[in-house]
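Written below as structure tokens is the structure these notes are about.
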Amino acid sequence: MAKLTFEIDRCKGCGLCVISCPRKVLTIARDRINQKGHSPVAVTDESACIGCGSCAIMCPDCVIMVER
């Protein structure tokens with residue numbers, strides 16, 4: 001099982017990682033705001049993550065780390 005780590009305060013909530021996830025385990029947390037005033041990414045079901053790294057590759061701000 002993969003472990004996802006996010007630098008939440010650097011996330012601008014663009015959603016590119018959400019779109020690129022083949023298992024659809026990411027979402028934009030509309031109920032949270034980071035230090036920059038954006039809604040950051042959140043994991044809905046980390047156990048379903050296959051660790052492909054698509055989210056980290058697509059992130060323009062390099063805020064996602066995938067550990068396998």
Side-chain angles (χ1 to χ4, degrees):
M1 176 170 64
K3 181 177 191 250
L4 298 173
T5 309
F6 305 96
E7 290 185 44
I8 296 299
D9 288 326
R10 289 184 45 217
C11 179
K12 62 185 174 194
C14 68
L16 291 175
C17 58
V18 175
I19 295 167
S20 69
C21 180
R23 300 298 298 260
K24 306 300 179 206
V25 300
L26 300 176
T27 189
I28 299 298
R30 301 284 178 210
D31 60 335
R32 293 178 26 201
I33 302 292
N34 64 13
Q35 289 181 351
K36 290 186 174 184
H38 301 290
S39 294
V41 66
V43 179
T44 57
D45 184 8
E46 193 166 10
S47 66
C49 177
I50 58 174
C52 67
S54 292
C55 56
I57 292 167
M58 289 301 294
C59 182
D61 298 315
C62 302
V63 301
I64 304 172
M65 178 183 253
V66 180
E67 298 175 43
R68 295 180 197 143

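- Interatomic distance, Cys21 SG to Leu16 CG, rounded to the nearest 0.5 Å: 13.0 Å.
- For the pair Ala2 and Gly51, the tightest heavy-atom approach, listed with the atom from each and the gap, is CB-CA, 3.5 Å.
- For the pair Pro60/Lys12, a side-chain contact is recorded, criterion being any heavy-atom separation below 4.5 Å from C-beta on.
- Between Thr5 and Glu67, the closest heavy-atom pair is OG1-OE2, 3.5 Å.
- The minimum heavy-atom distance between Asp45 and Ser47, with the atom names listed, is OD1-OG, 2.6 Å.
- Arg10 contributes a side-chain N or O that, together with a main-chain N or O of Asp61, makes up a donor-acceptor pair within less than 3.5 Å.
- Grouped with Val18 in one hydrophobic cluster are Leu4, Phe6, Ile8, Val25, Leu26, Ile28, Val41, Val43, Val63, Ile64, Val66, the linkage being side-chain heavy-atom contacts under 4.5 Å among Ile, Leu, Val, Met, Phe, Trp and Tyr residues.
- In this structure, SG on Cys59 lies 12.5 Å from CE on Met65, to the nearest 0.5 angstrom.
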Show your working on side-chain contact (heavy atoms from CB on, under 4.5 Å) between Cys11 and Asn34 and close with a plain yes or no. CA-CA 8 Å; Cys11 179; Asn34 64 13; 4.2 Å; yes
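- Closest approach of Ala42 and Arg32 over heavy atoms only: CB-NH1, 4.4 Å.
- His38 contributes atom NE2, which lies 11.0 Å from atom CG of Asp9 (distance to the nearest 0.5 angstrom).
- Among all heavy-atom pairs drawn from Ala29 and Ser39, the shortest one is O-CB, 3.4 Å.
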